[in-house]
Participant: 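Sending over a structure as structure tokens; questions will come in a sec.
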Amino acid sequence: MLNAANLETRVTKGLPWLALAYADMDWDWTVQNAKLLDRQNRLGFVVTLASQLASKSTDPHRAGRLREYLGVLERSRLVKEDTLCHDSLTEAERNWLRANRPAEAAHWNLLTDMQAEHLPHATL
């Protein structure tokens, strides 16, 4: 899904929940494949949001696992600007997002306004 040029917003908003719910997935495979497609920034951002959500839970194992792979992704962060599966953004939308995106999105060089606090459904 992270390699999709355009995903519906509701599907994109579900990605942090997937990372949170399946924190014990095969992260080595997931990270390796994201890197092969130059999508590690997208994955890093999704894991950042999932980690923020996990920090509010009572499951320290899940939060630790997400932080562990967030560190792995951090070492391969790309400078290239990207979107979070919304490549059809207009130039005006891109300019607005550059000026108004959250710090986490700017850190991962993504044009998105998604934030963990706007994902109340993404809890376990």
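Counting from 1, the numbers follow the sequence of the chain as shown.
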Participant: Filter on salt bridge (charged side-chain N to carboxylate O under 4.0 Å, His left out), then keep only pairs touching residues 70-80, sequence neighbours left out; what's left?
Facilitator: Glu74-Arg77
Participant: Please round to the nearest 0.5 Å and tell me the distance separating atom NZ of Lys13 and atom CG of Leu84.
Facilitator: 11.0 Å
Participant: Same cluster for Tyr22 and Leu20 if Ile/Leu/Val/Met/Phe/Trp/Tyr side chains link at under 4.5 Å?
Facilitator: yes
Participant: Could you pull out all residues at least two apart from Asn100 that satisfy side chain to side chain contact (heavy atoms under 4.5 Å, CB included)?
Facilitator: Trp96
Participant: Any chance CE of Met1 has more than 12 other-residue heavy atoms, nucleotides or ligands included, within less than 6.0 Å?
Facilitator: no
Participant: Identify each donor-acceptor pair in which a side-chain atom of residues 46-54 lies under 3.5 Å from a protein atom, sequence neighbours left out, and give them as a table.
Facilitator:
residue	atom	partner	partner atom	Å
Thr48	OG1	Gly44	O	2.8
Thr48	OG1	Trp108	NE1	3.0
Gln52	NE2	Glu104	OE2	2.9

Participant: Which ring pair (Phe, Tyr, Trp, His ring centres under 6.0 Å) pairs, counting each pair once, include a residue from residues 35-60, with sequence neighbours left out?
Facilitator: none
Participant: Go through the structure and list residues passing side chain to side chain donor-acceptor pair (under 3.5 Å) with Glu81, not counting sequence neighbours.
Facilitator: Arg98
Participant: I'd like to check the side chain to side chain donor-acceptor pair (under 3.5 Å) partners of Ser88; sequence neighbours left out, ordered by chain and number.
Facilitator: Asn6
Participant: Listed by chain and number, what are the salt bridge (Lys or Arg N to Asp or Glu O under 4.0 Å) partners of Arg65, not counting sequence neighbours?
Facilitator: Asp24, Glu68
Participant: How close do Ala63 and Ser55 get, counting heavy atoms only, and between which atoms?
Facilitator: CB-N, 4.5 Å
Participant: Report the distance from atom CG of Leu73 to atom CG of Leu43, rounding to the nearest 0.5 Å.
Facilitator: 4.5 Å
Participant: Looking at residues at least two apart in the chain, or sitting in another chain, which of them share a side chain to side chain donor-acceptor pair (under 3.5 Å) with Gln115?
Facilitator: none
Participant: Between Ser76 and Asn41, what is the shortest heavy-atom contact and its length?
Facilitator: O-OD1, 4.5 Å
Participant: Could I get the full list of side chain to side chain donor-acceptor pair (under 3.5 Å) partners for Thr83, not counting sequence neighbours?
Facilitator: Asp87
Participant: Hey, does Met114 have a side-chain heavy atom less than 4.5 Å from the side chain of Thr12?
Facilitator: yes
Participant: Name all residues meeting the side chain to side chain contact (heavy atoms under 4.5 Å, CB included) criterion together with Thr90; count only those two or more places apart in sequence or in a different chain, and write none if there are none.
Facilitator: Ala92, Glu93
Participant: Tell me, which pairs form a salt bridge (charged side-chain N to carboxylate O under 4.0 Å, His left out) where one or both residues lie in residues 25-40, sequence neighbours left out?
Facilitator: Arg39-Asp82
Participant: Kindly write out the residues that satisfy side chain to side chain contact (heavy atoms under 4.5 Å, CB included) with Leu97, not counting sequence neighbours, or none if the list is empty.
Facilitator: Leu89, Leu111, Asp113
Participant: Do the ring planes of Trp27 and Tyr69 sit parallel (below 30°), tilted (30 to 60°) or perpendicular (above 60°)?
Facilitator: parallel
Participant: Do the side chains of Thr112 and Arg101 get nearer than 4.5 Å, heavy atoms only?
Facilitator: no
Participant: Supply the atom-to-atom distance Leu78 CG to Arg42 CZ, rounded to the nearest 0.5 angstrom.
Facilitator: 11.0 Å
Participant: Kindly compute the distance separating CG (Leu15) from CG (Leu7), expressed to the nearest 0.5 Å.
Facilitator: 6.5 Å
